[in-house]
Protein chains: 2
Amino acid sequence: MRSILIIEDDPAILKGLKESLEQENYHVLTARDGLKGFEMAKRENIDIIILDLMLPGKNGQEICRDLRSTGVSAPILMLTSKKHEMDKVLGLELGADDYVTKPFGLRELHARIKALLRRKADLPKDIDQYSFGSIHIDFKKREAIKRKKPLKLSLREYEVLKYLIQHEGEIVTRTMLLDEVWGYDVFPTTRTVDNYILSLRKKLEDNPAEPCHILTIHTAGYRFVK
Amino acid sequence: MRSILIIEDDPAILKGLKESLEQENYHVLTARDGLKGFEMAKRENIDIIILDLMLPGKNGQEICRDLRSTGVSAPILMLTSKKHEMDKVLGLELGADDYVTKPFGLRELHARIKALLRRKADLPKDIDQYSFGSIHIDFKKREAIKRKKPLKLSLREYEVLKYLIQHEGEIVTRTMLLDEVWGYDVFPTTRTVDNYILSLRKKLEDNPAEPCHILTIHTAGYRFVK
DNA sequence: TAAATCTTTGACATTTTTGTGACAAATTAA
DNA sequence: TTAATTTGTCACAAAAATGTCAAAGATTTA
């Protein structure tokens with residue numbers, strides 16, 4: 001089930017939205033002010049955020065910008081009151097993905113939510129370049145550079161690294177890697193994964209014995225941090 | 001840096017777009033009406049044009065058509081308002097390359113701009129002369145020279161080399177070569193490709209055993225670098 | 001027509017990649 | 001603390017991909 005976070009101070013609108021969306025079978029979380037909403041968006045795993053532009057405490061624009069800079073990538077649907085045409089543009093500038101102006105119809109809202117979810121699903125963030133520490137990687141060209149010097153990585157190494165980076169900050173289990181990188185039809189040992197981690201660390205980390213990008217999460221898996 | 005020309009009459013949208021795109025490190029030129037925009041597009045060296053369909057003076061469709069007939073080949077991204085579904089199609093027919101409907105999310109817009117730039121870059125430039133290392137090649141006359149001395153290359157060798165050079169820096173797979181150079185109607189082995197690489201290396205590389213122009217990308221293909 | 005050249009293939013050598021097990025080190029749980 | 005589990009590390013072997021050569025067809029040239 002998809003999770004929607006609504007950040008809205010008007011209790012009447014909030015209630016109406018919540019009920020309507022729950023009827024559409026979404027899991028709905030709510031926050032009455034900007035700060036709470038911001039915290040929830042960071043903490044919970046949200047698929048889409050509905051955000052009122054005018055809020056007490058921390059307004060929609062600020063939240064929008066802060067969420068983006070914190071790395072929250074869930075699409076944001078902005079609610080604006082009709083009078084402030086300008087705010088539309090401002091809101092969009094700050095990283096919102098779409099907006100509706102009050103008063104809005106629920107059917108329109110549902111349509112936009114669906115569109116945003118679809119759009120997100122369509123775009124599995126495909127990175128073809130990435131930099132961290134003294135490393136620069138071009139996944140498309142299969143080139144890796146560390147301090148101006150070329151690095152040789154095998155195909156699997158590129159794939160494992162890419163998967164880790166795509167899930168930056170998240171825990172990646174060995175099973176996830178085996179399933180997604182190796183595929184569902186082959187069954188190497190989980191030790192195989194460890195060995196790829198080992199060699200990636202040797203090549204990428206300044207001090208492979210004390211890695212600072214590819215971290216071990218004991219009893220769970222690994223995590224990439226920038 | 002890439003140049004973007006925005007032709008849009010609504011000052012709020014124009015301002016928002018300009019600032020957002022400048023933040024993304026594009027060089028942004030703007031025009032408030034169709035005629036000015038048309039003149040700028042002809043005069044300046046533009047990488048991509050963002051064009052509002054509804055404009056005072058000269059509308060988007062006319063500009064689109066006029067630009068194309070004047071020989072301006074920069075990709076055009078059309079902005080349309082939701083009400084005119086039909087206009088979309090018309091706009092595309094007139095030579096636009098993509099469109100977004102207002103209201104649009106800036107992230108979507110950025111993605112589409114990137115896609116258009118990438119698509120443009122995809123079209124391989126036709127080269128008829130090229131130099132690298134101690135080699136000079138004239139594809140048109142079918143002549144190759146290495147250190148003042150003529151080199152003999154067969155037709156296929158020229159074609160394979162040309163394809164590699166046209167995709168300089170990128171990975172070229174054996175399948176790509178077979179499809180594009182040999183054609184879709186014949187089916188030689190992928191080993192055939194390797195043999196052409198071999199003979200090209202022998203003729204072009206100073207040390208064929210350690211090639212520095214035609215590189216092997218293991219499990220993927222080959223890559224030409226200058 | 002024969003000779004020369006070009007194209008393609010297969011065989012074998014070499015290199016690179018990949019996966020595994022053994023053992024050491026680290027971490028967790030009792 | 002110790003025992004059990006998990007992870008780090010290394011060396012090695014199997015598998016896969018590529019390099020290389022020679023030779024057989026195909027095509028063009030003389």
Side-chain angles (χ1 to χ4, degrees), chain A residues 142-144 150-164 171-183 185-224, chain B residues 142 144 150-164 171-179 181-183 185-224:
Chain A
R142 263 251 231 112
E143 273 179 327
L151 259 182
K152 264 187 84 177
L153 300 186
S154 79
L155 177 60
R156 276 265 196 284
E157 288 169 347
Y158 272 106
E159 290 174 334
V160 170
L161 179 58
K162 187 173 182 178
Y163 191 88
L164 287 170
I171 296 178
V172 172
T173 67
R174 294 176 177 74
T175 314
M176 281 166 72
L177 281 167
L178 286 174
D179 285 350
E180 304 287 334
V181 173
W182 272 261
D185 45 349
V186 289
F187 310 97
T189 321
T190 53
R191 307 318 323 286
T192 301
V193 175
D194 299 75
N195 279 290
Y196 275 89
I197 297 295
L198 174 65
S199 71
L200 281 175
R201 280 173 175 164
K202 276 186 185 171
K203 293 177 183 182
L204 302 175
E205 296 280 359
D206 287 332
N207 178 8
E210 286 183 34
C212 59
H213 293 113
I214 302 176
L215 310 183
T216 301
I217 311 301
H218 211 268
T219 70
Y222 298 95
R223 174 168 62 203
F224 176 86
Chain B
R142 205 111 53 78
L151 256 182
K152 266 187 83 175
L153 299 187
S154 77
L155 176 59
R156 274 278 143 76
E157 286 170 346
Y158 272 106
E159 289 175 335
V160 171
L161 180 58
K162 186 173 182 178
Y163 192 87
L164 286 170
I171 295 178
V172 172
T173 66
R174 295 176 178 73
T175 313
M176 281 167 72
L177 282 166
L178 286 174
D179 284 350
V181 173
W182 273 261
D185 45 348
V186 289
F187 310 98
T189 321
T190 54
R191 308 317 323 284
T192 303
V193 175
D194 299 74
N195 280 289
Y196 274 89
I197 296 295
L198 176 65
S199 71
L200 281 174
R201 279 174 176 163
K202 276 185 185 172
K203 293 176 182 180
L204 302 175
E205 296 279 359
D206 287 332
N207 177 9
E210 285 183 36
C212 60
H213 292 113
I214 301 176
L215 309 183
T216 301
I217 311 299
H218 215 270
T219 71
Y222 299 95
R223 172 169 60 208
F224 176 86

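Predicted model, so just to flag it, every value in this text is computed and none were measured.
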Between [X] ([atom1]) and [N] ([atom2]), how many Å, whole number?
| X | N | atom1 | atom2 | value |
| --- | --- | --- | --- | --- |
| A:Ile217 | C:dT28 | CD1 | P | 11 Å |
| A:Leu198 | C:dA24 | CG | P | 17 Å |
| B:His218 | D:dA17 | NE2 | P | 8 Å |
| B:Asp194 | C:dG10 | CG | C1' | 13 Å |
| B:Leu151 | C:dT5 | CG | P | 16 Å |
| B:Glu210 | C:dT15 | CD | P | 11 Å |
| A:Ile171 | D:dT7 | CD1 | P | 11 Å |
| B:Leu178 | C:dT9 | CG | C1' | 13 Å |

Any side-chain N or O of [X] below 4.0 angstrom from OP1/OP2 of [N]?
| X | N | answer |
| --- | --- | --- |
| A:Tyr222 | D:dG8 | yes |
| B:Arg191 | C:dA11 | no |
| B:Trp182 | C:dT8 | yes |
| B:Tyr196 | C:dC6 | no |
| A:Thr219 | D:dT6 | no |
| B:Thr192 | C:dT9 | yes |
| A:Lys202 | D:dG8 | no |
| A:Thr216 | D:dG8 | yes |

### Query
Closest nucleotide of DNA chain D for B:Asn195 versus for A:Ile197: which of these residues is on the 5' side?
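Here A:Ile197 is the residue nearer the 5' end.
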
### Query
Using a cut-off of 4.0 Å on non-hydrogen atoms, how would the nucleic acid contact of A:Leu155 be classed: base, sugar-phosphate, or nothing?
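Sugar-phosphate, backbone atoms only, no base.
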
### Task
Identify whether any heavy atom of A:Tyr158 sits under 4.0 Å from a base atom; if not, whether one sits that close to sugar-phosphate; answer base, sugar-phosphate or nothing.
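No contact.
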
### Salt-bridge criterion met for A:Lys203 and A:Glu157 (N-O under 4.0 Å)
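Answer for the salt bridge query: yes.
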
### N/O donor-acceptor pair, side chain A:Arg156 with base C:dG19, under 3.5 angstrom
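A donor-acceptor contact between them is absent.
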
### Task
Start with the C-alpha distance between B:Thr175 and B:Thr190, add both sets of side-chain angles, then the distance that settles side-chain contact (heavy atoms from CB on, under 4.5 Å), and finish with yes or no.
CA-CA 7 Å; B:Thr175 313; B:Thr190 54; 5.5 Å; no

### Message
Quick check: closest heavy atoms across B:Tyr158 and B:Ala144, and the distance to 0.1 Å?
### Response
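Distance-wise, the nearest heavy atoms are OH-N, 3.3 Å.
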
### Query
Does a side chain donor of either B:Arg201 or B:Thr216 reach within less than 3.5 Å of an acceptor in the other side chain?
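Result is yes, a qualifying pair exists.
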
### Side-chain donor-acceptor contact under 3.5 Å, A:Thr192 with A:Arg156
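Their side chains do not contain a donor-acceptor pair, so the 3.5 Å distance test is not met.
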
### Query
If you find the nucleotide of DNA chain C closest to A:Pro188 and the one closest to B:Val193, which residue's nucleotide is nearer the 5' end?
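The 5'-side residue here is B:Val193.
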
### Query
Between A:Glu157 and B:Phe187, which has a closest nucleotide on DNA chain C that is more 5'?
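In this pair, the answer is B:Phe187.
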
### Query
Are A:Tyr163 and A:Trp182 close enough that their ring centers fall under 6.0 Å?
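Centroid distance A:Tyr163-A:Trp182: not below 6.0 Å, so no.
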
